[in-house]
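Read through the structure below, which is laid out as structure tokens, and then see the notes.
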Amino acid sequence: VTGLTNLGTVNGAERMMLSGDGAWLALDSTVDLDPGDTNGNRDIYLAPVGDRPTFTPATNGDDDSSHPVLSHDGRFVFFVSSATDLVTGDDNGARDLFMIDRDPDANGTFDEGGNNVISRLVAAGTGAIADEAPSTTGDGVFIAFAATGAGIVNDVNDGHQAQIFVHNRLTGETVLVSRGTDDLPADGPCSTPVLSPGATFVGFASGGFNMPDASGFPSTYVAPNPLN
């Protein structure tokens, strides 16, 4: 095979994602890939795609951060984390959905070295953001994710079944996507959200009995994005 790029050995890495333009790689790792990252937790790292690049820690929290996904140009990094010190006031003790803006002044240059801005997009209420990757659009405006917990939106009161949600980064609005034929939240676990390129549709799996299949076994569904 020709044209391969050797990114080197990355111990402890489990989940990797390339930006849509192929210029950036994000991964999570339990191994401290940078001398300044000594917390021993799973953290998010970023590197330009090239021969044996240097991986820069994007998080250095007091608990695990994982499942990074990138916008097309690599500016926005979305991930889930149980850390309580990534932003101030994070005291819910839950795994939440976060975003890193690598170009907060929007000048087209990624300002690494401590100038990245981390925001908590969605607090998980009484439950937790699912331990799986969210899905985003190329511009990083919409993010689909799975989560348990009451309080993410007003009409989800069951904190036991994972539901599918969509968040609009620009407006801050979050809505439930996984509604059954009775217009209530799915009464079985939902997972693996994926957004269409234009964010018009959200795909996901659910075993809810109030979903069209009604078998209790996971089936795949596509729903309109209520925020688009």
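Positions are given from 1 along the sequence.
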First locate atom CG of Leu86, then atom CZ of Phe79, and finally report the distance between them rounded to the nearest 0.5 Å.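 Atom-to-atom, Leu86:CG and Phe79:CZ are 5.5 Å apart.
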
If you measure from CD1 on Ile164 to CG on Leu176, what distance do you get to the nearest 0.5 Å?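 One finds 9.0 Å between CD1 of Ile164 and CG of Leu176.
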
Whether [X] side chain and [Y] backbone form a donor-acceptor pair below 3.5 Å:
X      : Y      : value
Thr59  : Ser65  : no
Gln163 : Ala186 : yes
Arg102 : Phe76  : no
Ser119 : Leu121 : no
Asp187 : Phe209 : yes
Asp85  : Gly61  : no

Hey, quick one: are Leu227 and Phe78 part of the same hydrophobic cluster, counting side-chain heavy atoms closer than 4.5 Å, chains of contacts allowed?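 They do not share one cluster, since no chain of ILVMFWY contacts under 4.5 Å joins Leu227 to Phe78.
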
Any side chain to side chain donor-acceptor pair (under 3.5 Å) involving residues 133-143? Give me the pairs, sequence neighbours left out, ordered by first then second residue.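 Qualifying pairs: Thr137-Asp139.
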
Using the side chain to side chain donor-acceptor pair (under 3.5 Å) criterion, which residues pair with Asn210? Sequence neighbours excluded.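 So Asn210 forms a side chain to side chain donor-acceptor pair (under 3.5 Å) with Asp182.
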
Quick check: do Ile152 and Val122 have side-chain heavy atoms less than 4.5 Å from each other?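 Yes, their side chains come closer than 4.5 Å.
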
Looking at side-chain heavy atoms only, is the closest gap between Leu70 and Leu46 below 4.5 Å?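 Yes - at least one pair of side-chain heavy atoms lies under 4.5 Å apart.
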
Looking only at heavy atoms, what is the nearest atom pair of [X] and [Y], with distance?
X      : Y      : value
Val31  : Ser29  : N-OG, 3.0 Å
Met16  : Leu27  : CG-CB, 3.8 Å
Asn107 : Thr109 : OD1-N, 2.9 Å
Pro134 : Phe145 : CB-CB, 4.2 Å

Going by the side-chain contact (heavy atoms from CB on, under 4.5 Å) test, name the single residue among Glu132, Arg42, Arg95 that passes it with Ser66.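 Only match with Ser66 under side-chain contact (heavy atoms from CB on, under 4.5 Å): Arg42.
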
side-chain contact (heavy atoms from CB on, under 4.5 Å) with Asp213: which of Pro218, Ser206, Ser219?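 The single option meeting the side-chain contact (heavy atoms from CB on, under 4.5 Å) with Asp213 is Ser219.
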
Say whether Asp63 and Asn41, considering side chains only, have a donor N or O and an acceptor N or O under 3.5 Å apart.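 No.
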
Answer with yes or no whether the side chains of Asp73 and Ser71 bring together a donor and an acceptor at under 3.5 Å.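 The criterion, which ignores hydrogens and geometry beyond distance, is satisfied for Asp73 and Ser71.
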
If we check side-chain hydrogen bond (donor to acceptor under 3.5 Å, both in side chains) with Thr84, which of these qualifies: Asp90, Asn92, Asp62, Asp96?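 Testing each of Asp90, Asn92, Asp62, Asp96 against Thr84, the sole residue satisfying side-chain hydrogen bond (donor to acceptor under 3.5 Å, both in side chains) is Asp62.
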
Cationic tip of Arg75 within the cone over Trp24's six-membered ring, i.e. under 6.0 Å and within 45° of the normal?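 Relative to the ring axis of Trp24, which defines the angle, Arg75 lies outside at least one limit.
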
Going by the angle between their ring planes, with limits at 30° and 60°, are Tyr221 and Phe204 parallel, tilted or perpendicular?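 Rings of Tyr221 and Phe204: tilted, 30 to 60°.
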
